[in-house]
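Working notes, beginning with the structure itself.
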Amino acid sequence: MDQINLRDMQALAKKRLPRLLYDYLDGGTHDELTLNGNIGDFERLKFIPPVLADVSQVDLSTTIFGERLSMPLILGPVGSLGVLSRRGDIATARAAEACGITSCLSTTAVASVEEVCAARKEPIWFQLYVMKEPGHHDQLIQRAKAARCKALVFTVDSAVSAQRDRDLRHGYSYTGKVRPSNLLDMLTRVAWIRDVLFGPRLSFGSMPGGKSNYKRIMAKAGGGLIAKDVTWDTFREIRAKWDGPLVIKGVMTPQDALKALGYGADGIVVSNHGGRQLDSAISSIMALGPIVDAVNDRAVVMMDGGIRRGQHVVKALAMGAKACLIGRGYAYGLAARGQAGVEQSIEMLRKEMAMTMGMLGCREVGELRRELLHDGQWTF
Ligand SMILES: Cc1cc2nc3c(=O)[nH]c(=O)nc-3n(C[C@H](O)[C@H](O)[C@H](O)COP(=O)(O)O)c2cc1C
């Protein structure tokens with residue numbers, strides 16, 4: 001088999017995608033210190049393995065918000081998946097279902113929330129950005145409710161538009177305009193052209209107004225679409241409008257986690273947006289432990305950022321996370337091979353997780369605990 005791990009999927013995605021799209025997916029803010037730190041800190045954290053436990057059966061399954069998942073992994077919200085692969089948002093949601101897990105659709109998805117929900121049996125999660133346009137998020141909440149989304153994931157770390165240097169160099173923006181140098185590179189990616197450019201017209205289907213609103217949304221995108229005046233009052237307002245599980249995504253401090261509990265959050269995603277917002281922010285795995293301790297089981301604590309191996313998921317669970325979200329990890333698979341590529345990426349992580357848990361003497365995810373971890377420093 002040519003692809004045995006996520007790095008192999010990443011290499012295939014790099015080959016298939018036009019350079020500016022690969023860099024949109026792969027890149028982070030400024031010097032990418034946080035992007036690299038998310039991965040590097042997972043690698044610095046070590047295991048201390050006990051021996052002689054019966055590990056003939058290893059069960060990865062878990063329950064989140066009453067839903068049984070075959071493993072504690074959720075495909076996190078990634079905008080514009082439909083530009084990486086034809087109907088990429090739908091392919092992603094279907095792959096998650098085929099693998100017995102769930103996925104979260106981005107506000108900036110190409111497909112609409114209705115289309116994606118109709119494409120699978122079990123409801124998905126929906127990620128909410130509060131946009132500058134008044135009333136947008138109210139309409140989105142209503143649409144997510146009507147489409148029977150299971151959980152609403154409110155992303156709170158993106159009020160300021162980040163400078164992603166790779167995007168800037170390419171002149172990449174949501175306006176969809178392409179420079180001549182990018183056009184030449186694009187023309188060499190024949191498989192992507194056939195798959196995406198010859199496919200359905202690209203849009204922002206989950207935006208209020210849907211496809212007909214596309215031009216207006218694009219025209220405004222240059223100034224940043226996301227509202228800058230989002231506060232805890234906004235959170236309170238959203239809580240009042242959404243009666244299902246409400247998850248806050250982008251929390252990095254125990255103080256904010258406690259505040260979120262006070263405002264009625266059911267779940268918390270410890271996340272620095274995969275290093276795409278504040279550069280030099282600490283890694284998610286470093287932020288996780290103190291948040292788990294502060295929350296003390298009063299909400300579902302999850303994390304994302306830097307997961308490229310099943311071992312990384314196991315480390316996060318041992319630190320106390322209930323589940324992990326991934327972004328680039330599955331999106332590389334999608335760009336490489338569509339739905340089959342996403343499924344392949346999930347199964348790679350599953351295999352690595354099961355093997356790692358077995359080697360740690362753990363038969364189920366509930367047996368993972370912090371004493372199995374070592375911070376990588378010598379002690380005498
Ligand atoms: C290309 C790209 C687009 C993203 N779009 C969104 C988005 O629309 N909404 C959101 O909440 N997070 C978004 N994220 C952040 C992911 O949900 C997630 O926090 C991050 O990718 C986790 O890091 P990882 O890629 O190392 O797994 C995006 C990430 C990437 C890479």
Side-chain angles (χ1 to χ4, degrees), residues 6-7 9-10 13 17 20-29 32 34-43 73-85 88-89 92 103-111 113 125-131 137 140 151-159 161-162 164 166-167 172 174 204-207 221 224-226 230 247-252 267-278 281 283-285 287-288 302-309 312-313 316 321 323-335 342 345-346 349:
L6 291 189
R7 290 293 181 205
M9 295 308 259
Q10 179 179 358
L17 286 176
L20 93 165
L21 284 183
Y22 175 75
D23 279 339
Y24 156 71
L25 170 62
D26 190 58
T29 309
E32 304 186 341
T34 299
L35 167 61
N36 294 323
N38 277 344
I39 303 169
D41 282 352
F42 266 127
E43 288 169 358
L73 191 77
I74 293 147
L75 305 186
V78 170
S80 307
L81 287 176
V83 183
L84 306 182
S85 177
D89 306 290
T92 296
S103 63
C104 181
L105 184 72
S106 162
T107 290
T108 58
V110 169
V113 62
W125 296 11
F126 184 74
Q127 177 265 326
L128 182 75
Y129 279 133
V130 171
M131 298 297 190
H137 64 280
L140 271 185
L152 189 69
V153 178
F154 178 26
T155 300
V156 294
D157 57 11
S158 304
S161 306
R164 302 187 188 126
R166 296 199 220 180
D167 289 351
Y172 178 89
Y174 287 100
F204 280 135
S206 282
M207 294 288 198
L225 290 165
I226 299 170
V230 176
V247 177
I248 181 167
K249 175 173 180 282
V251 170
M252 289 292 282
I268 292 167
V269 182
V270 178
S271 171
N272 50 37
H273 217 104
R276 295 168 73 80
Q277 284 301 118
L278 175 65
S283 64
S284 301
I285 186 65
L288 177 63
M302 296 165 274
M303 69 83 68
D304 73 16
I307 289 170
R308 304 290 184 273
R309 283 282 187 187
H312 299 163
V313 181
C324 292
L325 280 69
I326 53 167
R328 296 177 184 85
Y330 78 84
Y332 294 138
L334 179 75
V342 180
S345 302
I346 297 168
L349 291 175

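Counting convention: from 1, in listed order, for ligands and their atoms alike. Atoms considered below: every heavy atom in the structure, side chains included; atoms not considered: hydrogens, waters and symmetry mates.
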Per-atom contacts, ligand 1 versus [X] - under 4.0 Å to a heavy atom:
X    : value
S271 : 19 (O)
R328 : 23 (O), 24 (P), 25 (O), 26 (O), 27 (O), 31 (C)
G305 : 22 (C), 23 (O), 26 (O)
S106 : 7 (C), 8 (O)
R308 : 24 (P), 26 (O), 27 (O)

How many angstroms lie between atom [atom1] of [X] and atom [atom2] of [Y], to the nearest 0.5 angstrom?
X    : Y    : atom1 : atom2 : answer
R328 : R308 : CZ    : CZ    : 6.0 Å
D167 : L20  : CG    : CG    : 8.0 Å
I248 : I268 : CD1   : CD1   : 7.5 Å
L152 : L128 : CG    : CG    : 5.0 Å

### Task
Say whether V78, considering both its backbone and side-chain N or O atoms, lies within less than 3.5 Å of an N or O atom on ligand 1.
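No - when backbone and side-chain N and O of V78 are compared with those of ligand 1, no distance drops under 3.5 Å.
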
I want to know if ligand 1 touches T107 in the polar sense, i.e. an N/O pair below 3.5 angstrom.
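In this structure, T107 places no N or O atom under 3.5 Å from an N or O of ligand 1.
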
message: side chain to side chain contact (heavy atoms under 4.5 Å, CB included), that's the test. Do M252 and V270 meet it? Break it down for me.
response: CA-CA 6 Å; M252 289 292 282; V270 178; 4.2 Å; yes

Exercise for the section: Check whether any heavy atom of N38 sits under 4.0 Å from an atom of ligand 1. Expected result: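 No, N38 has no heavy atoms under 4.0 Å from ligand 1.
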
If hydrogens are left out, which of [options] has an atom nearest to [atom], that is, the closest non-hydrogen atom?
atom                    : options               : answer
atom 17 (O) of ligand 1 : G76, G27, P77         : P77
atom 19 (O) of ligand 1 : T108, I326, T34, D304 : D304
atom 26 (O) of ligand 1 : G327, G306, G274      : G306

Query raised in the report: Checking side chain to side chain contact (heavy atoms under 4.5 Å, CB included) for the pair Y129/L225: CA distance, chi angles, key distance, verdict?
Result: CA-CA 9 Å; Y129 279 133; L225 290 165; over 6 Å; no

Open item on the list: Under 4.0 Å, heavy-atom basis, I'd like to know which part of Q127 is in contact with ligand 1: side chain, backbone, both or neither.
Closed with: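 Contact part for Q127 vs ligand 1: side chain (C-beta onward).
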
### Message
One residue to check: T155. Relative to ligand 1, which of side chain, backbone, both or neither has a non-hydrogen atom less than 4.0 Å away?
### Response
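T155 to ligand 1: side-chain contact only, backbone stays beyond 4.0 Å.
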
TODO: For residues L75 and I326, determine if any side-chain heavy atom of one lies less than 4.5 Å from a side-chain heavy atom of the other.
DONE: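 Result yes, sub-4.5 Å side-chain heavy-atom pair found.
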
* Distance-minimising heavy-atom pair for F204 and S80 ->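 Taking F204 first and S80 second, the nearest heavy atoms are CE2-OG, 4.3 Å.
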
(request) Provide the closest heavy-atom pair for G28 versus L35 in the form atom of the first, atom of the second, distance. (result)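 Scanning both residues completely, I find the closest heavy atoms to be N-CD2, 3.7 Å.
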
